[in-house]
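Predicted, not measured: the structure shown is a model, and the values here were computed from it.
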Amino acid sequence: MSQHSRAGQPAQPGDLVDIPRLVTAYFTGKPDADVPEQQVAFGTSGHRGSSLDLAFNEAHIAATTQAICEHRAAHGVDGPLFIGRDTHALSAPAWATALEVLAANDVTVLVDDRDRYTPTPAVSHAILRHNGSRGGGKGRADGIVVTPSHNPPRDGGFKYNPPDGGPAGGDITGEVQDRANELLRGGLRDVRRVPLSRALAADTTHTYDFLGTYVDDLPSVLDLDAIRGAGVRIGADPLGGASVDYWAAIAERHRLDLTVVNPEVDPAWRFMTLDWDGKIRMDCSSPFAMASLMATVEGGAGYDVATGNDADADRHGIVTPDAGLMNPNHFLAVAIEYLFSARDRWPAGAAVGKTLVSSSMIDRVAAAAGRQLLEVPVGFKWFVPGLLDGSVAFGGEESAGASFLRRDGTTWTTDKDGLLLCLLAAEIQAMTGTSPSQRYTSLVGRFGDPAYARIDAPATRGEKALLAKLSAEQVAATELAGEPITSTLTTAPGNGAALGGLKVSTKSGWFAARPSGTEDVYKIYAESFRGPEHLAQIQSEARELVSVALKA
């Protein structure tokens, strides 16, 4: 991946999307459902695309919302639907379209009582709070979050969370996606819809205090008294996203020394620095996107911990004065090591959940804590059952998304919660007197210093399809980078689910290869506990090993 010459530099006028043109295209663009790029397509985090590409238009959202209405009716979900949106320019019009269809289908809908932005974790929290002990009974709630997460300002996104509060699984998204495309091909004839004014005034449309309910409940999952008592100074940067009001409320209601570094909301995100490829992207795990906050910390702002979130606040970025922006894998390991020693009311048998491309440092930390490791495919949805029943106390993925149980061992959220992890960094500082980055240094002293990276390799559509369906028997190699191969996986050891790719491990390193869903490449994630040179050798041999396997 080549780095753009202005990566990490402030955006310029020429980098900004034309917001009026973008929103106009949402209403005027007519997608062709027979063109794959213009269909409704649910990935690991919902349907995403741009109206300028005929990939996220009014027709997509009307059809998808109708499909969700039909899904919930067919599966006995008859409680309220909680709906939130982030700060992307396409989120407000898509929210309005969804509300028009929901009202026409007589779905009870709960919208934000401030008519403002709602982070993904606040929607998950609301669903779970409503459903309580209902189990599979009547009155179960579900939700929609209108967000493309950290994607550029030109994109829109639409996510569905079923009654378990987490990201919908493939069985649900496949059903919704197929029905939505059927509705598109039918010219939306079977989509029920009323004007927005009628939808807002409908007997089925009500308001909900997402912010107050979430913020007031935080002491059940975090030791905010310790943060306040230790006087930890926090700088929170919403990166122009949905967490902006939440951080101000957290500071006020819990009397924390917390400064909202940049409270500005701008759908063009003109205040951002460019990401590695020259695009505006609210990726709080990227040092390029987080360059402004890092400069603020380095400039002597006096924060003990500084944090960032993506646009829907389901991801976290942790900046410390001594180390800058932490690698997400590093902070996950620190969080796990701290939580499993500090939460004495968590179930004794509750596991540590990680995705297959997360660092093996987590494996070593979990083993030292005497906890089972649950390794699953990429996607937070795989942690939902365990977070619900308490069999998984912490679930995290390498892309800076995680959640964990309340202090009493019960469920908090079943979707990623960036605010939670950011505040956890402050709790770690308060309770240990050391920064999260210093804690990671101590883990390196105990378990070794892994080198980790992700690279891309070219692949045709056919090769990507083959990679996604590889079997372990197709891999004939017995060694990787000078070490015997100890495991070759195409299904996850934690739950037996298909990886959609391949993971090969040795005693001191591993690689995983997965096809990209949007580009003609496959992704190689790799790690070595023997240093950067050994990592490079793993990456090189991984390309060859995958190439041979695809020809087998």
Side-chain angles (χ1 to χ4, degrees), residues 1 31-50 53-56 60 64 151 155 157 167-182 184-185 355-358 375-382 397-399 454-477 480 485 487-505 510-526 538-552:
M1 296 183 291
D32 183 345
D34 291 323
V35 177
E37 294 79 10
Q38 297 178 25
Q39 295 174 352
V40 174
F42 274 78
T44 56
S45 295
H47 172 71
R48 298 182 188 180
S50 178
D53 303 326
L54 295 178
F56 192 91
H60 294 108
T64 302
N151 276 32
D155 286 353
D171 54 340
I172 296 176
T173 57
E175 176 186 326
V176 169
Q177 168 187 295
D178 292 347
R179 176 55 176 156
N181 287 321
E182 182 181 343
L184 280 177
R185 292 189 184 94
T355 52
L356 83 151
V357 296
S358 299
E375 187 171 4
V376 299
V378 171
F380 200 81
K381 63 186 178 182
W382 302 109
E397 52 187 8
E398 98 297 338
S399 57
R454 195 204 93 186
I455 60 174
D456 293 343
T460 65
R461 180 172 294 187
E463 288 171 333
K464 291 195 297 178
L466 288 173
L467 176 57
K469 297 178 180 179
L470 270 183
S471 67
E473 291 72 26
Q474 290 175 264
V475 179
L480 175 67
I485 291 174
S487 69
T488 301
L489 302 174
T490 55
T491 58
N495 59 4
L499 299 181
L502 171 73
K503 183 173 184 179
V504 176
S505 300
W510 58 268
F511 82 85
R514 298 180 62 249
S516 168
T518 57
E519 301 175 89
D520 289 333
V521 300
Y522 67 90
K523 304 173 183 180
I524 299 175
Y525 303 81
I538 290 176
Q539 292 170 327
S540 176
E541 293 188 17
R543 286 195 185 95
E544 179 63 24
L545 189 153
V546 170
S547 178
V548 171
L550 291 177
K551 295 174 183 176

- Message: For Thr355, is there any backbone N or O sitting under 3.5 Å from a side-chain donor or acceptor partner on Glu397?
- Response: no
- Query: Quick one: does Tyr525's side chain get under 4.5 Å of Arg514's, heavy atoms only?
  - Reply: yes
- Taking all heavy atoms of Leu480 and all of Ala542, pick out the closest pair and write down the distance. CD1-N, 4.5 Å
- Item | Distance-minimising heavy-atom pair for Thr488 and Ile485 | OG1-CG2, 3.6 Å
- Atom CD1 of Ile455 and atom CD1 of Ile524: how far apart are they, to the nearest 0.5 Å? 4.5 Å
- Quick one: OG1 on Thr490 to CD on Glu473, what's the gap to the nearest 0.5 Å? 7.0 Å
- Task: Measure across Tyr522 and Pro515 and return the closest heavy-atom pair with its distance rounded to 0.1 Å.
- Result: CB-CA, 3.9 Å
- Task: Would you mind reporting whether Arg185 and Gln39 have side-chain heavy atoms less than 4.5 Å apart?
- Result: yes
- Task: Could you grab the distance from atom NZ of Lys381 to atom CD1 of Ile172, nearest 0.5 Å is fine?
- Result: 10.0 Å
- Message: Strictly distance-based, threshold 3.5 Å: is any side-chain N or O of Lys464 a donor or acceptor partner for the main-chain N or O of Ser516?
- Response: yes
Side-chain polar contacts of residues 497-505 - donor-acceptor pairs under 3.5 angstrom, sequence neighbours left out - could you list them?
| from | atom 1 | to | atom 2 | distance (Å) |
| --- | --- | --- | --- | --- |
| Lys503 | NZ | Leu356 | O | 2.8 |
| Lys503 | NZ | Glu375 | OE2 | 2.6 |

- Query: Donor-acceptor pair, His60 side chain versus Gln38 backbone, under 3.5 Å?
  - Reply: yes
- Look at the side chain of His47 and the backbone N and O of Phe56, then say whether any donor-acceptor pair between them is shorter than 3.5 Å. no
Distance-only donor-acceptor pairs under 3.5 Å for side chains of residues 544-552, two or more places apart:
none

- Item | Set of side chain to side chain donor-acceptor pair (under 3.5 Å) partners for Trp382, sequence neighbours left out | none
- Message: Show the nearest heavy-atom pair for residues Gln539 and Ala526, with the distance to one decimal.
- Response: CG-CB, 4.0 Å
